[in-house]
Trainee: 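There's a structure below that I have some questions on.
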Amino acid sequence: MVRDSIIRPSREKFKKVKMRFAHEQLNRTILLFLIVMLPIIAIDLAGRQEIIPVPEALMKILEGIIVVLVSFGGATLFIRLTINFTIGKFEGIGQPEERILFSKLYILLVYVLATVIVFLHMGIGIQNVALFLGLTATGFAFAVRDVVLSYIVWFILLTKKPFKIGDYINVAGEEGQVKHIGMFYVLIDPSPETYADYTKVPNKVFLEKPIRNYGSYKFVSTFDLYLKSVPTDIIDRLERIREKGSELKGADATFYLNSDSDGVKITVEFKTVYEDRDILRDRLMSVMLQEVGQNA
């Protein structure tokens with residue numbers, strides 16, 4: 001109860017700060033829109049009322065500019081006003097990655113509608129608009145195919161979910177906790193307890209390289225200790241290793257004799273969370289060397 005009472009005010013304070021920041025952004029957007037629009041509208045009205053002489057060609061250009069600014073400016077204002085409310089409706093549904101994807105698609109849809117309005121106002125028919133958008137998308141995709149590939153992989157990562165934010169993964173030799181899944185990079189933090197180091201892995205790597213997902217809880221790790229010689233009391237030593245290993249805090253380890261072309265070895269399998277893996281591995285190795293140090 002005490003913890004909940006502490007967390008609740010902090011969340012409410014964060015929401016208030018977030019709302020204030022959103023209102024400040026909205027006010028800046030409206031102010032910038034008015035600064036750009038008012039002079040153009042004034043010139044257009046003055047030309048229509050013949051207060052000042054404005055060439056017909058310039059009037060058409062001004063009219064086109066006004067349509068573009070009103071359409072895309074209105075779309076931007078609409079997004080600013082509705083994005084938090086719309087995404088907030090899905091706050092308790094699905095994973096954070098799904099909400100990120102939905103917000104991007106929502107913004108894209110609004111701007112596509114604004115583009116269609118501009119084309120229709122210019123007298124371009126629906127079929128021509130569809131053809132133009134198709135050709136533009138094809139040409140743009142060919143010109144920036146690496147960017148498009150990153151976007152496609154980003155879409156796959158958010159929908160197929162080979163991993164999610166908070167999971168520990170290994171890809172192309174990079175290992176750590178997933179902090180952010182972006183349109184071009186995935187942010188991986190090898191040491192989440194610190195904030196100075198992280199790795200940005202390009203999205204296309206996840207299409208080309210195998211991904212190992214350790215999850216966000218315990219997973220199984222394995223390592224071997226090879227023996228130079230096998231002592232006669234190896235079974236007793238192995239039993240002592242098991243007893244000492246069971247006393248280690250957080251250890252869920254299994255020890256057994258094994259062999260391969262390189263010789264006889266003691267194989268260890270243990271379960272742990274990612275951030276404790278190396279520490280527990282060193283402790284288990286220390287326990288083994290105490291018993292078979294001269295033979296290892």
Trainee: Rounded to the nearest 0.5 Å, what's the gap from OG1 on Thr272 to CG on Asp276? Could you check?
Mentor: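 One gets 4.5 Å once the value is rounded to the nearest 0.5 Å.
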
Trainee: Tell me whether Ile117 is reachable from Tyr111 by hopping between hydrophobic residues (I, L, V, M, F, W, Y) whose side-chain heavy atoms are closer than 4.5 Å.
Mentor: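 Different clusters: Tyr111 never reaches Ile117 through Ile, Leu, Val, Met, Phe, Trp or Tyr contacts under 4.5 Å.
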
Trainee: With sequence neighbours left out, write down each residue that passes side-chain contact (heavy atoms from CB on, under 4.5 Å) with Leu113, or none if nothing qualifies.
Mentor: Leu109

Trainee: So, using side-chain contact (heavy atoms from CB on, under 4.5 Å) as the criterion, who are the partners of Phe78 when residues are at least two apart?
Mentor: Thr82, Tyr106, Val110

Trainee: Taking atom OH of Tyr168 and atom CD of Gln177, what is their separation to the nearest 0.5 Å?
Mentor: 4.0 Å

Trainee: Hey, what do you get for CG (Leu225) to CG (Leu289), rounding to the nearest 0.5 Å?
Mentor: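 Spacing of CG (Leu225) from CG (Leu289) equals 5.5 Å.
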
Trainee: Give the minimum heavy-atom separation between Pro162 and Leu157, together with the two atoms involved.
Mentor: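 That would be CG-CD2, 3.6 Å.
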
Trainee: For Ala253 and Val268, work out which heavy atoms get closest and say how close.
Mentor: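 Where Ala253 meets Val268 most closely, the heavy atoms are CB-CG1, 4.4 Å.
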
Trainee: Shared ILVMFWY cluster between Leu280 and Val273, side chains joined below 4.5 angstrom?
Mentor: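 No; Val273 is not reachable from Leu280 via cluster members.
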
Trainee: How many angstroms lie between atom CG of Leu108 and atom CD1 of Ile79, to the nearest 0.5 angstrom?
Mentor: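 Interatomic distance, Leu108 CG to Ile79 CD1, rounded to 0.5 Å: 9.5 Å.
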
Trainee: How long is the straight-line distance from CD1 of Ile234 back to CG of Leu227, given to the nearest 0.5 Å?
Mentor: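 One finds 5.5 Å between CG of Leu227 and CD1 of Ile234.
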
Trainee: Under the side-chain contact (heavy atoms from CB on, under 4.5 Å) test, which residues partner Ile279, sequence neighbours left out?
Mentor: Arg283

Trainee: Side chain to side chain donor-acceptor pair (under 3.5 Å) with Ser246: which residues, sequence neighbours excluded?
Mentor: none

Trainee: Give the intermediate values and the outcome of side chain to side chain contact (heavy atoms under 4.5 Å, CB included) for residues Ile266 and Ile241.
Mentor: CA-CA 10 Å; Ile266 299 177; Ile241 290 173; 4.2 Å; yes

Trainee: Can you name the side chain to side chain donor-acceptor pair (under 3.5 Å) partners of Arg240, sequence neighbours left out?
Mentor: Glu291

Trainee: Is there any salt bridge (charged side-chain N to carboxylate O under 4.0 Å, His left out) pair reaching into residues 202-217, and which pairs are they, with sequence neighbours excluded?
Mentor: none

Trainee: Do you know which two heavy atoms are closest between Ser71 and Ala114, and how far apart they sit?
Mentor: O-CB, 3.8 Å

Trainee: Would you mind writing out the side-chain donor-acceptor pairs for residues 169-176 within the sub-3.5 Å range, not counting sequence neighbours?
Mentor:
residue : atom : partner : partner atom : Å
Asn170  : ND2  : Glu175  : OE2          : 2.8
Glu175  : OE1  : Tyr274  : OH           : 3.3
Glu175  : OE1  : Arg277  : NH2          : 2.5
Glu175  : OE2  : Tyr214  : OH           : 2.6

Trainee: Are Asp278 and Arg281 ion-paired here, with the side-chain N under 4.0 Å from a carboxylate O?
Mentor: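 No.
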
Trainee: Quick one: name the residues clustered hydrophobically with Tyr226, using the 4.5 Å side-chain heavy-atom rule over I, L, V, M, F, W, Y, and just say none if it's on its own.
Mentor: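 So far as hydrophobic clustering goes, Tyr226 is joined with none.
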
Trainee: Could you tell me the separation between the OG1 atom of Thr254 and the CZ atom of Phe270, rounded to the nearest 0.5 Å?
Mentor: 11.0 Å

Trainee: Quick one: does Leu187's side chain get under 4.5 Å of Thr199's, heavy atoms only?
Mentor: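 No, too far: nothing below the 4.5 Å cut-off.
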
Trainee: Listed by chain and number, what are the salt bridge (charged side-chain N to carboxylate O under 4.0 Å, His left out) partners of Glu239, not counting sequence neighbours?
Mentor: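 Glu239 satisfies salt bridge (charged side-chain N to carboxylate O under 4.0 Å, His left out) with Arg242 only.
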
Trainee: Look at the aromatic rings of Phe206 and Phe163 and report parallel, tilted or perpendicular, splitting at 30° and 60°.
Mentor: tilted

Trainee: Check the pair Tyr256 / Glu269 against side chain to side chain contact (heavy atoms under 4.5 Å, CB included), numbers first and verdict last.
Mentor: CA-CA 9 Å; Tyr256 56 91; Glu269 291 183 356; 3.4 Å; yes

Trainee: Please list all pairs meeting salt bridge (charged side-chain N to carboxylate O under 4.0 Å, His left out) that have one or both residues in residues 222-234, counting only residues at least two apart or in different chains.
Mentor: Asp224-Lys265, Asp233-Arg237

Trainee: Going by ring-ring contact (aromatic ring centres under 6.0 Å, His included), name the residues that satisfy it together with Phe255, two or more places apart in sequence or in a different chain.
Mentor: none

Trainee: Is it the case that one hydrophobic cluster holds both Val220 and Phe223, taking links as side-chain heavy atoms less than 4.5 Å apart, direct or via other members?
Mentor: no

Trainee: What do the steps show when you test Phe72 against Thr115 for side chain to side chain contact (heavy atoms under 4.5 Å, CB included), and what is the final call?
Mentor: CA-CA 8 Å; Phe72 287 97; Thr115 303; 3.4 Å; yes

Trainee: With sequence neighbours excluded, what pairs up with Tyr185 under the side chain to side chain donor-acceptor pair (under 3.5 Å) test?
Mentor: none

Trainee: Met285, Val264: one ILVMFWY side-chain cluster at the under-4.5 Å cut-off?
Mentor: yes

Trainee: Apply side chain to side chain contact (heavy atoms under 4.5 Å, CB included) to Ile181 and Ile165, showing your working.
Mentor: CA-CA 7 Å; Ile181 303 175; Ile165 294 174; 4.2 Å; yes

